[in-house]
Structures are given as structure tokens and as C-alpha cells.
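Have a look at the structure below, then the notes.
Below, chain A is the first sequence line, B the second, and so on; all start at residue 1. Just so it is clear, the values below take in all heavy atoms, side chains as well, and ignore hydrogens, waters and symmetry mates.
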Protein chains: 2
Amino acid sequence: MKADALRGHLDPMILAVVEHEPLHGYAIMEALLERSGGELDLPTGTLYPALRRLERAGYLASEWSTVGGRKRRTYQLTSAGSKMLASGKQEWLTFRAVVEGVLRPREA
Amino acid sequence: MKADALRGHLDPMILAVVEHEPLHGYAIMEALLERSGGELDLPTGTLYPALRRLERAGYLASEWSTVGGRKRRTYQLTSAGSKMLASGKQEWLTFRAVVEGVLRPREA
DNA sequence: GGCAACATGTAGCCAATCTACGCATCAAGC
DNA sequence: GCTTGATGCGTAGATTGGCTACATGTTGCC
């Protein structure tokens, strides 16, 4: 999968992962890897800035904790984030329809 | 639809549009608009550079003609472009599976 | 004469992802 | 005791492709 195919689609994916349970960065990476069937192996240089961006935007809230001597920053979805996720899912459907409408007007 | 959601997905879409018939730039814009149900209204500053990029990469070949006093540059798919299109379609399926695997592990 | 549609193109901006680092802890193996 | 790999967070800088804004010209209709 090409690198910047993700562009603009990563944010809702991150939000989706923390939708039902707050997770820390590393766990988010693992969750994305697992849910994508091993395809989505984000470099930390992508994930951490993305998380900070989402927090700055008010979609995530974070809290520090220490587990087994390791510091973790745990992120949870805010209500704004929840709305954002919903609209992100909707936008995904639109986007998918657009791409597929163009890619296979006759057949796949 | 957010602007840079397109990132990395535009190329196969352009190739798909000229797959069965060579078209000139303006006609490609119209075809994309139509096939996307009016969603994909590309600015010329996006399309023309993209066409040149695709030609430089060997996926498209172009030819000038004049129709009704207007100069047109008509693009057609090369065999390399055809292969690229096929792999682009495949990549799209992978990408779609990744996004949807993450976005709705429980439900949509 | 003026405006919309047709037709092509460039210059420069911007934002998000990437590569490549740096730092620290803990567990396992030698 | 030392090294290595997994865990864990983070920044700096490069890249890149789609965007806005601009520039140019023709045809046809009112």
C-alpha cells in the first residue's frame, strides 16, 4: 500500500480505534495493525504527531499514567471526536462511492 | 469530501477514465465529474499537472490535435499504464479492506 | 460588446505522511 | 553483567501532490 494513500483517512481510523476503549499510543499502533490484518504498520513519526494534532483539535483527550515503570499517555475520544468520527465514516462512504464509480463504471 | 483524501488515488482514476477511449484533459475532467455523480470536480491546477506526471512516468501518451479551432491534447493509455491501472485497482481493494477493517470492526 | 463554455497551462502554498533520529524502561538470553 | 528486543514517547526535516490563483486564447450566443 502506497504511503500517502492514507492521506486524510488516518484520522477517522485513529478515532475509531479508541471509540470503545481509551488506549495509549503504542496500543493504538498495535490495534491498527491487528484490525488491518497486518497492513497498517504506522511509523511512530506518523502516529504521535497525528495524536497530538487530534488532541489539539479537540477530538481526543489524553492522560498520563505509569504502568510497570513505563509512562503511558492514554487517549480517549471526546464528544467532539465522536461527532468527527461519525462524519468521517460518512465521508468514507462518499469517498468510496466516488472512487468506485470512476474505477469501475463497467466492471471491477 | 476533503481535499487531500484523493492523495494517491487520483492516478488510477485518471487512468481508468482513458482506459477504453483516449480523451483530452477537459473531457477527462468532465468524465470524472460524471462518473463520480458530480462529486469529483477537479481544478485544472490539479488535473493538468497530474496528466503531465503520468505521461512523464510512461503511463500515458499524448497527441495534439485541433478541433473547431481549439487545440486539444489527447491522452491515451500505454501498456505500462494499463498494468499500472490494474495494480491500482488491486491496491484500491486492499486499501478499502484496510480502512473498513479499522473503521467498523463491530459494525458500520 | 460581453459573457459562458471550451481548452491548456504554470507558480507557489500547504499539510500530512515519511525517514531517521534520540531517549528511557523492562525482560530474556547468554 | 551485558546485550538485544519489545515497550513506550517524542522531534526534525524532507517529500509530495493536491490546492488556490493566475495567465492565455478560442468559439458561440445574447
Checklist entry - Side-chain N or O of T44(B) less than 4.0 angstrom from OP1 or OP2 on dG9(C)? => result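 Answer no for this pair, as no side-chain N or O of T44(B) is under 4.0 Å from OP1 or OP2.
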For atom [atom1] of [X] and atom [atom2] of [N], their distance in whole Å:
X	N	atom1	atom2	result
R73(A)	dA24(C)	CZ	C1'	17 Å
R72(B)	dC6(C)	CZ	P	10 Å
L47(A)	dG8(D)	CG	P	13 Å
K2(A)	dT16(D)	NZ	C1'	13 Å
Y48(B)	dG18(D)	OH	P	16 Å
L51(B)	dG18(D)	CG	P	11 Å
E39(B)	dG18(D)	CD	C1'	17 Å
E30(B)	dA5(C)	CD	C1'	9 Å

Next on the checklist: Is any side-chain heavy atom of I14(B) closer than 4.5 Å to one of L47(B)?
Outcome noted: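 Yes. Closest side-chain heavy atoms under 4.5 Å.
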Among the candidates [options], find the nucleotide nearest to the side-chain atoms of [X].
X	options	answer
D11(A)	dT17(C), dC6(C), dC9(D)	dT17(C)
L6(B)	dG18(D), dT20(D), dA7(C)	dG18(D)
T46(B)	dT17(C), dT8(C), dG18(D)	dG18(D)
L42(B)	dC18(C), dG8(D), dC19(D)	dC19(D)

Checklist entry - Closest nucleotide of DNA chain D for G68(B) versus for R53(B): which of these residues is on the 5' side? => result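 Its nearest nucleotide lies further toward 5', so the answer is R53(B).
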Item to check | Earlier contact from the 5' end, DNA chain D, for L10(B) and W64(A) | outcome: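 Here W64(A) is the residue nearer the 5' end.
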Checklist entry - Run the side chain to side chain contact (heavy atoms under 4.5 Å, CB included) check on R53(A) and D11(A) step by step: do they pass? => result CA-CA 9 Å; R53(A) 180 163 38 81; D11(A) 289 8; 2.8 Å; yes
Next on the checklist: By the 4.0 Å heavy-atom rule, please label G69(B) as base, sugar-phosphate, or nothing.
Outcome noted: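 Answer is sugar-phosphate: G69(B) comes under 4.0 Å of backbone atoms only.
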Next on the checklist: Ignoring hydrogens and geometry beyond distance, is the side chain of R7(B) in donor-acceptor contact with the base of dG17(D) at under 3.5 Å?
Outcome noted: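 Answer is yes: a donor-acceptor pair is held.
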Checklist entry - If you take atom types as modelled and just measure distance, does the side chain of R70(B) reach the base of dT8(C) with a donor-acceptor pair under 3.5 Å? => result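 Checked by distance alone, the answer is no.
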Checklist entry - Rounded to the nearest 0.5 Å, how far apart are CE of M29(B) and CD of E34(B)? => result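 Between atom CE of M29(B) and atom CD of E34(B) there are 13.5 Å.
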Item to check | Spatial distance of atom CD1 (I28(B)) from atom CG (L51(B)) [nearest 0.5 Å] | outcome: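 Interatomic distance, I28(B) CD1 to L51(B) CG, rounded to 0.5 Å: 4.5 Å.
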